[in-house]
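Worksheet: the structure to be examined is printed underneath.
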Amino acid sequence: MDSTFAPQPGEPPFAGPWSGEPRRPLGPRDPGDAWVEGERGRFWGRFGSAGLLAHDPRKGILLQHRALWSDQGGTWGLPGGALHQGEEAVHGALREAHEEAAVPPESVRVLFTSVFDVGYWTYTTVAVEVVDPFEPEISDPESLELAWFPIDGVADRELHPGFAAAWPALRSRLLRPESGNAGGVENGMGSEARTAHRRR
């Protein structure tokens, strides 16, 4: 397992979150960094959210060990977060992964997207293949660790509940020969994922 760790004890700690807010304890905030509520629950990202599922054929899947102050802190999930107003999900996932894990957008190729849609909020998983190998770097306070895991080892981690629910279907799509066709969109993650990604 290749991994990158956050600052260790004795190094300057990251500040804690604002009261009631799970994201961005440091730095400027975007209007998209807000909750939306409706009959299906409360979700993070006024304009929706997106995450990057990066697959390196030699190293596996890039996972983010979530900061303890965040919702479902201590679990493993995908780099990602709230979309900006008018931002396409693919662009947002690439931007967030670059901000959180220093993923170079030019080093990946989009394979497909999978959308969880409750009507008033969406979460888009953007699956990409690594075409130019890179090492992730923790570049903001949202990660304890970044690591590559073999596809068959992902489910052995303590996963964010939303990602855990979505992972079996995402794994199946990654392993399909046709997953190499960029731009395919799959709407919905199945009934087991209805609570998925309610909080980033």
Side-chain angles (χ1 to χ4, degrees), residues 1-18 20-27 29 33 43-45 49-83 92-105 107-108 114 116 123-130 133-171 174 189 193 195-200:
M1 177 187 77
D2 297 323
S3 63
T4 301
F5 290 87
Q8 298 302 303
E11 297 178 323
F14 294 129
W18 291 299
E21 297 293 348
R23 301 249 313 152
R24 306 288 187 211
L26 298 177
R29 301 177 66 217
D33 287 341
F43 300 87
W44 183 251
S49 293
L52 194 76
L53 176 62
H55 176 225
D56 185 316
R58 286 164 291 188
K59 297 179 181 178
I61 303 296
L62 176 61
L63 295 183
Q64 175 193 54
H65 197 187
R66 299 167 61 82
L68 296 178
W69 57 261
S70 66
D71 182 67
Q72 302 296 334
T75 61
W76 293 84
L78 303 180
L83 297 175
L94 291 169
R95 173 185 55 74
E96 285 279 341
H98 180 70
E99 291 175 1
E100 296 180 1
V103 175
S107 295
V108 300
S114 180
F116 172 61
Y123 183 94
T124 303
T125 300
V126 178
V128 301
E129 179 183 20
V130 175
F134 64 89
E135 286 304 321
E137 297 179 10
I138 293 176
S139 47
D140 78 359
E142 300 187 35
S143 305
L144 292 173
E145 182 182 359
L146 298 167
W148 298 97
F149 291 96
I151 285 183
D152 290 339
V154 170
D156 295 334
R157 303 295 95 193
E158 182 182 357
L159 301 178
H160 181 287
F163 179 53
W167 173 240
L170 293 169
R171 179 184 181 279
L174 279 174
M189 295 182 183
T195 60
H197 308 291
R198 286 194 176 182
R199 297 180 183 177
R200 167 71 184 95

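- Counting heavy atoms from C-beta on, the side chains of Leu53 and Ile61 come closer than 4.5 Å.
- Closest approach of Val154 to Phe163, counting heavy atoms only: CG1-CE2, 3.9 Å.
- Between His65 and Trp76, the angle of the ring planes stays under 30°, which puts this pair in the parallel group of the 30/60° scheme.
- The heavy-atom pair separating Arg58 from Pro133 by the smallest distance is NH2-CG, 2.7 Å.
- In this structure, Trp148 CH2 and Asp56 CG are separated by 5.0 Å, a value rounded to the nearest 0.5 Å.
- The nearest pair of heavy atoms linking Pro136 to Leu146 is CB-CD1, 3.9 Å.
- Looking at Thr124 and Ser114, their side chains never come closer than 4.5 Å, going by heavy atoms from C-beta outward.
- We find the CD-CG distance between Glu96 and Asp140 to be 8.0 Å, quoted to the nearest 0.5 Å.
- Taking CD of Glu135 as the start and CG of Leu62 as the end, the distance is 9.5 Å to the nearest 0.5 Å.
- Residues meeting the salt bridge (Lys or Arg N to Asp or Glu O under 4.0 Å) test with Asp152, sequence neighbours left out: Arg171.
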> Could you go step by step and tell me if Thr75 and Glu158 meet the side chain to side chain donor-acceptor pair (under 3.5 Å) rule?
Replying inline: CA-CA 5 Å; Thr75 61; Glu158 182 182 357; over 6 Å; no
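- Taking both residues in full, the closest heavy atoms of Ala127 and Leu174 are given as CB-CD2, 4.4 Å, listed atom of the first, atom of the second, then distance.
- Atoms CZ and OG, from Arg66 and Ser143 in turn, are 9.0 Å apart once rounded to the nearest 0.5 Å.
- For the pair Val103 and Val128, the minimum side-chain heavy-atom distance is 4.5 Å or more.
- In summary, the side chains of Gln64 and Glu142 do not present any donor paired with an acceptor at a separation below 3.5 Å, with no hydrogens or angles considered.
- Across every non-hydrogen atom of Ala93 and Leu52, the tightest pair is O-CB, 4.0 Å.
- Scored by the side-chain contact (heavy atoms from CB on, under 4.5 Å) test, Pro57 finds Glu129 as partners (sequence neighbours excluded).
- With sequence neighbours excluded, the residues satisfying side-chain contact (heavy atoms from CB on, under 4.5 Å) with Pro104 are Glu106, Ser107, Phe134.
- The backbone N or O of Glu99 lies less than 3.5 Å from a partner atom in the side chain of Ser139, making a donor-acceptor pair.
- Shown here for Ala67 and Leu144, the closest heavy-atom pair between the two residues is CA-CG, 3.9 Å.
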>> side-chain contact (heavy atoms from CB on, under 4.5 Å) for Leu94 and Val126? Distances and angles first, verdict last.
In response: CA-CA 8 Å; Leu94 291 169; Val126 178; 5.7 Å; no
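- No donor-acceptor pair under 3.5 Å is formed between the side chain of Trp167 and the backbone N or O of Leu159.
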